[in-house]
Amino acid sequence: MLKKMMSKAVALTVIMSVLLLAACGNDEKSSGSKDGSVELTFWNSWSEDSPENDVMLERVEAFQKEHPDIKLKMESIPPDQYKTKLKTQAAGKQLPDLIQTWPGAELRPLVEGGVLMPIDDIAGEWKDTMIPSDILADYAIDGKQYAIPGNKVFTSIIYYDKDMVAKAGFEEFPTTYEDFKVLVEKLAKEDVNPIALGNKAKWPLQSVYMSTIGDRVTGSEFLEQVLAGEKKFTDKEFVDALGVMAELAELKAFNSDANSIDDNQASDYFLQGKSAMFVNGTWALSGLISSAPEGKNIGVAKFPAVDGGKGEPGNVSGVTGWGIALNSELSEEKKEAATTFFKFLYSEETYKNLMGVGTLVPADVEVPEDTSDLFKEVVDLTNDGISPVYDAVLPAEITDIINNGLQAISIGQSTPEQVAKDMQAAVE
């Protein structure tokens, strides 16, 4: 009997030991690995081959070498797929530890869904020392900070071939919309495609074109006034702004395959001399600098003033660019590791490297001397003022309507009046 009791006691002890070891193993897995390292999962959209992405990937690699105790399990997803995946996974709260995001309409649903962690205690490292507080504020919701910006983006720069424009009779780029139309018409008559457009993803006509063109006509307060119920998309001023887009399509300003090619293909058209202009954001600048053929005489300009418009003609639509946010369920150990990563990534060296390849940055960092002249011209061009980017202000459902609507306008399958009506119906 005693032996049986002792055997049971030994068996119970073994079982308890196994359970305890399993519990310890689970605890170790949740907070770190057996070698004492911490793993951080990280999603970003740095999948495409570009100078800016190369800089960021090189900095991540440098961090891994300097901090082998923090292992980054990184997944780079194509940009057009990334935001869809982010929204889908956020709905089920199945996001990684580190999440690339964007301000405004992209950030708010994530915050309201409770999937992001406030980082006010971390942001003090940069606030008003390297990054001005008003720029950091782009990533603040209800007074709380959620990300640190990595770049600064202006969405509507006209890159143009100075020689081709001069051949069409313009030694200087047009400063009025009426003269701009004359340039477009002259280029088209000479069998030169005026503007290279890659609208396959649908957002370029909205973010790149309409954000600035709309602002020229309606002024910068219009979108917020509509969302507040003070104005309507069906108001004449907004319909007129959409009318500019329709007019450009009627003038055959764009390549015939505009809605079936992407940004990169449109850039190639411009670089290969198939188009006189390429209207795009500052994200295209690094690629143009690195890929332009020798002797390509590239100039930069803003969309010209529209007669009778309410907006400031010097403004360019822009917004603080991508930032990295933290999952709201991060443990203290992982948060500490993420803070170490942030300090390395958002450093003066990173920002200078980005400027070196033609990326505008949100930090007060001196422009490197060896930066290209084209980059410096863009910096000067964007110093006057900033206007809202439509998809950074409008709710996602309205953005989808204008994206589809502008594409339909560009091929004559819809009208400015109809698109305005559809947008207003979504607000009411």
Side-chain angles (χ1 to χ4, degrees), residues 102-107 128 131-140 149-160 172-180 204-228 230-231 237-238 240-242 244-245 277-285 299-323 351 355 358-365 367 371 374-394 402:
W102 289 265
E106 296 289 338
L107 180 69
D128 287 331
I131 302 176
S133 57
D134 61 333
I135 292 179
L136 274 177
D138 283 353
Y139 273 106
N151 66 359
K152 186 166 61 173
V153 176
F154 289 88
T155 70
S156 189
I157 306 295
I158 300 177
Y159 303 97
Y160 68 97
E172 300 291 334
F173 198 83
T175 57
T176 69
Y177 176 54
E178 292 304 314
D179 283 344
F180 180 74
L205 277 176
Q206 166 264 125
S207 184
V208 175
Y209 287 80
M210 191 64 189
S211 291
T212 287
I213 291 172
D215 191 79
R216 293 282 185 272
V217 180
T218 69
S220 297
E221 307 301 319
F222 183 78
L223 295 182
E224 294 291 353
Q225 289 171 332
V226 170
L227 296 178
E230 298 167 5
K231 290 197 174 184
E237 55 199 308
F238 185 72
D240 286 347
L242 290 172
V244 172
M245 303 297 295
M277 293 174 273
F278 175 47
V279 185
N280 212 259
T282 50
W283 58 80
L285 182 57
V300 291
K302 303 173 185 179
F303 194 86
V306 177
D307 188 37
K310 299 178 181 179
E312 291 293 332
N315 286 359
V316 178
S317 52
V319 69
T320 300
W322 62 262
Y351 286 129
M355 286 192 287
T359 297
L360 276 70
V361 301
D364 287 332
V365 176
V367 178
T371 301
L374 188 61
F375 176 79
K376 293 172 184 175
E377 287 178 33
V378 171
V379 171
D380 290 340
L381 187 77
T382 54
N383 272 340
D384 290 342
I386 190 167
S387 57
V389 178
Y390 272 46
D391 55 15
V393 176
L394 297 176
I402 191 172

Engineer: Sequence neighbours excluded, which residues qualify as ring-ring contact (aromatic ring centres under 6.0 Å, His included) partners of Y209?
Structural biologist: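 Result, ring-ring contact (aromatic ring centres under 6.0 Å, His included) vs Y209: F254.
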Engineer: Can you confirm whether more than 12 heavy atoms, excluding those of E377, are under 6.0 Å from its CD atom?
Structural biologist: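 Correct, the count exceeds 12.
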Engineer: Considering residues, nucleotides and ligands other than N383, do more than 12 of their heavy atoms fall under 6.0 Å from its CG?
Structural biologist: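 Counting other residues, nucleotides and ligands, CG of N383 exceeds 12 neighbours.
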Engineer: Going by the rule ring-ring contact (aromatic ring centres under 6.0 Å, His included), which residues pair with F154 if we only count those two or more places apart in sequence or in a different chain?
Structural biologist: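 In terms of ring-ring contact (aromatic ring centres under 6.0 Å, His included), with neighbours along the sequence ignored, F154 is linked to no residue.
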Engineer: Are any non-hydrogen side-chain atoms of V153 and W102 less than 4.5 angstrom apart?
Structural biologist: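 V153 does not reach W102 side chain to side chain.
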Engineer: Between A301 and Y160, what is the shortest heavy-atom contact and its length?
Structural biologist: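 It is CB-CE2, 4.0 Å.
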Engineer: Could you give the distance from CE (M355) to CG (N151), rounded to the nearest 0.5 Å?
Structural biologist: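 That separation rounds to 12.0 Å.
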Engineer: Between L205 and M245, which heavy-atom pair has the shortest distance, and what is it?
Structural biologist: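 Scanning both residues, the minimum pair turns out to be CD2-CE, 3.5 Å.
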Engineer: I'd like to check the ring-ring contact (aromatic ring centres under 6.0 Å, His included) partners of F238; sequence neighbours left out, ordered by chain and number.
Structural biologist: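 So F238 forms a ring-ring contact (aromatic ring centres under 6.0 Å, His included) with F222, F233.
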Engineer: Do D391 and E106 have side chains that approach each other closer than 4.5 Å (heavy atoms only, starting at C-beta)?
Structural biologist: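 They are not in contact (no side-chain heavy atoms under 4.5 Å apart), so the answer is no.
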Engineer: Within a reach of under 6.0 Å around CD of Q225, are more than 12 heavy atoms found that belong to other residues, nucleotides or ligands?
Structural biologist: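 Enclosed: over 12 neighbouring heavy atoms sit under 6.0 Å from CD of Q225.
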Engineer: Under a 4.5 Å cut-off applied to non-hydrogen side-chain atoms, are P149 and I135 in contact?
Structural biologist: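 Result yes, sub-4.5 Å side-chain heavy-atom pair found.
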Engineer: K302 side chain to L381 main-chain N or O, any donor-acceptor pair under 3.5 Å?
Structural biologist: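 Yes, the answer is positive, given that a donor and an acceptor are paired below the 3.5 Å cut-off.
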Engineer: Atom CG in L227, atom CD in E224: separation rounded to 0.5 Å?
Structural biologist: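 Rounded to the nearest 0.5 Å, the CG-CD separation comes out at 6.0 Å.
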Engineer: Donor-acceptor pair, distance only, cut-off 3.5 Å: does the side chain of S133 make one with the backbone of D128?
Structural biologist: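 Not at all, since once roles are kept as given, no pair shorter than 3.5 Å links the two residues.
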Engineer: Could you report the tightest heavy-atom contact between S156 and V316, atom names first, then the distance?
Structural biologist: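 Reported closest heavy-atom pair: O-CG1, 3.6 Å.
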Engineer: Got I131 and Y351 here, is their nearest side-chain heavy-atom distance under 4.5 Å?
Structural biologist: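 Side-chain contact under 4.5 Å: yes.
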Engineer: Quick one: closest heavy-atom pair of P103 and D138, and the distance?
Structural biologist: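 So the minimum-distance heavy-atom pair works out to CB-O, 3.3 Å.
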Engineer: Closest approach of S207 and S317, non-hydrogen atoms and distance?
Structural biologist: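 Nearest heavy atoms, S207 then S317: O-OG, 4.1 Å.
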Engineer: List the atom of F303, the atom of T212, and the distance in Å for their closest heavy-atom pair.
Structural biologist: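 It is CB-CG2, 3.9 Å.
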Engineer: If you round to the nearest 0.5 Å, how far is CD1 of I157 from OG1 of T282?
Structural biologist: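 One gets 6.5 Å once the value is rounded to the nearest 0.5 Å.
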Engineer: Determine, stepwise, if the pair L360 / L285 fulfils side-chain contact (heavy atoms from CB on, under 4.5 Å).
Structural biologist: CA-CA 9 Å; L360 276 70; L285 182 57; 4.2 Å; yes
Engineer: Please report the interatomic distance OG1(T155) to CH2(W283), rounded to the nearest 0.5 Å.
Structural biologist: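 So the OG1 of T155 and the CH2 of W283 are separated by 5.5 Å.
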Engineer: Any side-chain heavy atom of L374 within less than 4.5 Å of one from V300?
Structural biologist: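 In short, these two side chains touch, coming nearer than 4.5 Å.
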Engineer: Please confirm whether the backbone N or O of Q206 pairs with a side-chain atom of S211, one donor and one acceptor, at under 3.5 Å?
Structural biologist: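 Flag set: sc S211 to bb Q206 pair under 3.5 Å.
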Engineer: Can you tell me how far the OG1 atom of T218 sits from the CG atom of L223, to the nearest 0.5 Å?
Structural biologist: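 Those atoms lie 6.5 Å apart.
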Engineer: Any chance you could measure S220, atom OG, to I386, atom CD1, to the nearest 0.5 Å?
Structural biologist: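 The OG atom of S220 sits 9.5 Å away from the CD1 atom of I386.
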Engineer: When you measure from the side chain of R216 to the backbone N and O of N315, does any donor-acceptor pair fall under 3.5 Å?
Structural biologist: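 At least one qualifying donor-acceptor pair exists.
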Engineer: If we ignore hydrogens and angles and just use 3.5 Å, is the side chain of Y390 paired with the main-chain N or O of V208 as donor and acceptor?
Structural biologist: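 Between the backbone of V208 and the side chain of Y390 there is no qualifying donor-acceptor contact (under 3.5 Å).
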Engineer: Quick check: does any side chain N or O of Y139 sit under 3.5 Å from a backbone N or O of G323, one acting as donor and the other as acceptor?
Structural biologist: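 Looks like yes, one N/O pair under 3.5 Å.
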